[in-house]
Protein chains: 2
Amino acid sequence: MPRSPTDDRLKRVLALVREKGGRVTTTRRAIVAALLEAPDHHVTAQTLAERVQRAHPDIHASTVYRTLDTLTELGVVEHTHLGHGATVYHLTDQRHQHLVCERCGAVIEVPLTVFEPLVQTLRDGYDFEVRPEHVALAGHCASCRAAVSG
Amino acid sequence: MPRSPTDDRLKRVLALVREKGGRVTTTRRAIVAALLEAPDHHVTAQTLAERVQRAHPDIHASTVYRTLDTLTELGVVEHTHLGHGATVYHLTDQRHQHLVCERCGAVIEVPLTVFEPLVQTLRDGYDFEVRPEHVALAGHCASCRAAVSG
DNA sequence: ATAATTGCAAAGTCTTTGCAGTTTG
DNA sequence: CAAACTGCAAAGACTTTGCAATTAT
């Protein structure tokens with residue numbers, strides 16, 4: 001059975017964990033695998049816990065929370081605030097910008113390059129180094145725009 | 001005793017509440033007044049409750065949460081997600097953009113005009129009508145930039 | 001060996017809800 | 001007076017923590 005691209009990525013991520021001084025455990029393997037398989041590249045801690053528990057019912061939610069923290073410190077994982085409270089996690093190499101529709105909740109992914117001009121403006125004008133991906137921008141998606149304006 | 005500008009604004013806001021079909025009560029008067037007095041134009045629901053309770057110990061926190069919801073529906077109040085979970089409320093006419101330093105927590109206010117080009121780009125390129133003020137952007141402020149980069 | 005990691009149970013924080021009594025318009 | 005509003009107590013959702021046992025290096 002040939003190694004799938006996902007297998008490769010899993011190995012690469014786990015190698016990075018070890019390289020940064022973290023330990024690779026069955027639990028972490030499962031958590032990272034679940035992150036890789038997340039449909040939209042991101043999940044809440046809670047959802048991640050549920051998914052991991054399908055295959056490993058003995059992995060406790062608190063472990064998932066702690067693991068996400070640790071992986072964040074190791075630089076392997078990052079999170080984004082989607083607003084209205086939800087925090088979603090994703091692997092660092094899957095970084096991208098999110099737009100969330102305030103009306104229907106749709107999440108749209110946008111390449112970070114779109115934000116370059118803004119990054120420059122804030123850097124030059126306010127001495128602020130913005131990291132736009134850390135937060136999803138809110139607004140109205142195409143269909144809700146139409147619905148709202150009539 | 002002359003009427004202070006704050007008194008005037010309080011009246012104006014309360015008039016708006018009534019105009020939109022809401023009722024004006026002692027409780028609401030206190031809550032709106034506390035919003036007007038918020039140092040940085042914004043507060044969390046919790047902090048607001050604490051401040052209101054200094055003068056009116058009998059006003060329950062749940063009422064503050066409910067009132068903020070109602071005032072939001074009436075269009076008098078809006079909220080912004082500061083990231084890491086904090087939601088801050090402010091009067092609609094005090095709308096502005098927030099930048100939050102991920103390192104020291106400083107909150108910087110920026111005029112919304114700075115975001116116009118981005119708004120256009122997302123409108124044209126993604127058919128997305130972004131409302132940047134709804135969410136604070138994260139990054140590093142001037143001093144922390146310096147500290148981080150060495 | 002030994003320092004990191006984990007399960008479990010318990011506590012914490014912030015927010016929401018149901019209800020019965022009050023108050024506003 | 002009817003509808004809106006409020007206090008209170010209880011429940012809820014999500015996350016964090018202390019500890020003893022387990023496991024990777």
Side-chain angles (χ1 to χ4, degrees), chain A residues 11 13-34 42-53 55-77 79-89 105, chain B residues 11 13-34 42-77 79-89:
Chain A
K11 296 216 165 154
V13 172
L14 293 177
L16 185 56
V17 168
R18 199 151 8 209
E19 184 184 312
K20 297 280 187 175
R23 292 185 180 179
V24 174
T25 64
T26 309
T27 300
R28 294 194 172 171
R29 226 181 291 276
I31 292 174
V32 172
H42 54 248
V43 243
T44 63
Q46 212 180 211
T47 303
L48 185 65
E50 285 162 15
R51 290 197 190 147
V52 167
Q53 286 168 351
H56 308 263
D58 45 326
I59 295 181
H60 203 270
S62 70
T63 300
V64 173
Y65 282 97
R66 265 190 294 223
T67 301
L68 286 171
D69 278 356
T70 306
L71 295 182
T72 300
E73 278 161 24
L74 298 180
V76 174
V77 161
H79 65 263
T80 297
H81 300 285
L82 282 196
H84 58 260
T87 299
V88 294
Y89 294 83
Chain B
K11 296 216 165 155
V13 172
L14 293 177
L16 185 56
V17 169
R18 200 151 7 210
E19 184 184 313
K20 296 280 187 176
R23 293 186 178 179
V24 173
T25 64
T26 309
T27 300
R28 293 195 172 171
R29 226 181 292 275
I31 292 174
V32 172
H42 54 248
V43 243
T44 63
Q46 212 179 212
T47 302
L48 185 65
E50 284 162 15
R51 291 196 190 148
V52 167
Q53 286 168 352
R54 277 187 214 146
H56 307 263
D58 45 324
I59 295 182
H60 203 270
S62 70
T63 301
V64 173
Y65 281 99
R66 266 188 295 221
T67 301
L68 286 172
D69 277 357
T70 306
L71 295 182
T72 300
E73 279 162 24
L74 298 181
V76 175
V77 161
H79 65 263
T80 299
H81 300 284
L82 282 196
H84 57 260
T87 299
V88 294
Y89 294 83

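All values reported here derive from a predicted model rather than from experimental measurement. Here is how names work: the chains are called A, B, and so on, in the same order as the sequence lines, proteins then strands, and each is numbered from 1.
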>> Tell me the closest heavy-atom pair linking A:V76 and A:V13, and the distance in Å.
In response: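 Heavy-atom minimum between the residues: CG1-CG1, 3.5 Å.
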> Any idea which heavy atoms bring A:R23 and A:R28 closest together, and the distance?
Replying inline: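 Where A:R23 meets A:R28 most closely, the heavy atoms are O-NH1, 3.0 Å.
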How long is the line joining [atom1] of [X] and [atom2] of [N], in whole Å?
X: B:L68; N: D:dT6; atom1: CG; atom2: C1'; answer: 14 Å
X: B:D69; N: C:dC14; atom1: CG; atom2: C1'; answer: 14 Å
X: A:E50; N: D:dT15; atom1: CD; atom2: P; answer: 11 Å
X: B:Y65; N: D:dC8; atom1: OH; atom2: C1'; answer: 16 Å
X: B:R28; N: D:dC5; atom1: CZ; atom2: C1'; answer: 6 Å
X: B:H60; N: D:dA10; atom1: NE2; atom2: P; answer: 11 Å
X: B:D58; N: D:dA9; atom1: CG; atom2: C1'; answer: 17 Å
X: A:L71; N: C:dT6; atom1: CG; atom2: C1'; answer: 14 Å

> A:R66 near the nucleic acid: base, sugar-phosphate alone, or nothing, with a heavy-atom cut-off under 4.0 Å?
Replying inline: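 Result for A:R66 = base.
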> A:T26 near the nucleic acid: base, sugar-phosphate alone, or nothing, with a heavy-atom cut-off under 4.0 Å?
Replying inline: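 Since no nucleic acid heavy atom lies under 4.0 Å of A:T26, the category is nothing.
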>> Can you work out whether B:G22 or B:P57 has the more 5'-proximal nearest nucleotide on DNA chain D?
In response: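 Residue closer to the 5' terminus by nearest nucleotide: B:G22.
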>> Can you work out whether A:Y89 or B:G21 has the more 5'-proximal nearest nucleotide on DNA chain D?
In response: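 This one resolves to B:G21.
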Counting side-chain heavy atoms from CB outward, which of [options] is closest to [X]?
X: A:I59; options: C:dG7, D:dT6, D:dA24; answer: C:dG7
X: B:R23; options: D:dA4, C:dT5, D:dT16; answer: D:dA4
X: B:R18; options: C:dG25, C:dT16, D:dT6; answer: C:dG25
X: A:T25; options: C:dT15, D:dT15, D:dA24; answer: D:dA24
X: A:Q46; options: D:dT15, D:dG7, D:dT17; answer: D:dT15

>> Would you say that A:H42 contacts A:T80 through its side chain, given a criterion of any heavy-atom pair below 4.5 Å between the two side chains?
In response: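 A side-chain contact under 4.5 Å is absent here.
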> Does a side-chain heavy-atom distance below 4.5 Å link B:T67 with B:T25?
Replying inline: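 A side-chain contact is absent here, since even the closest heavy-atom pair is not under 4.5 Å.
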> Phosphate oxygens OP1/OP2 of D:dT6: is one of them under 4.0 Å from a side-chain N or O of B:T67?
Replying inline: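 So the side chain of B:T67 is within the cut-off, an N or O lying under 4.0 Å from OP1 or OP2 of D:dT6.
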> Toward the 5' end of DNA chain C, which comes first, B:V24 or B:S62, by nearest nucleotide?
Replying inline: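 Its nearest nucleotide lies further toward 5', so the answer is B:S62.
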> Among A:V64, A:V52, A:T63, A:D58, which one satisfies side-chain contact (heavy atoms from CB on, under 4.5 Å) with A:T27?
Replying inline: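 Single side-chain contact (heavy atoms from CB on, under 4.5 Å) partner of A:T27 among A:V64, A:V52, A:T63, A:D58: A:T63.
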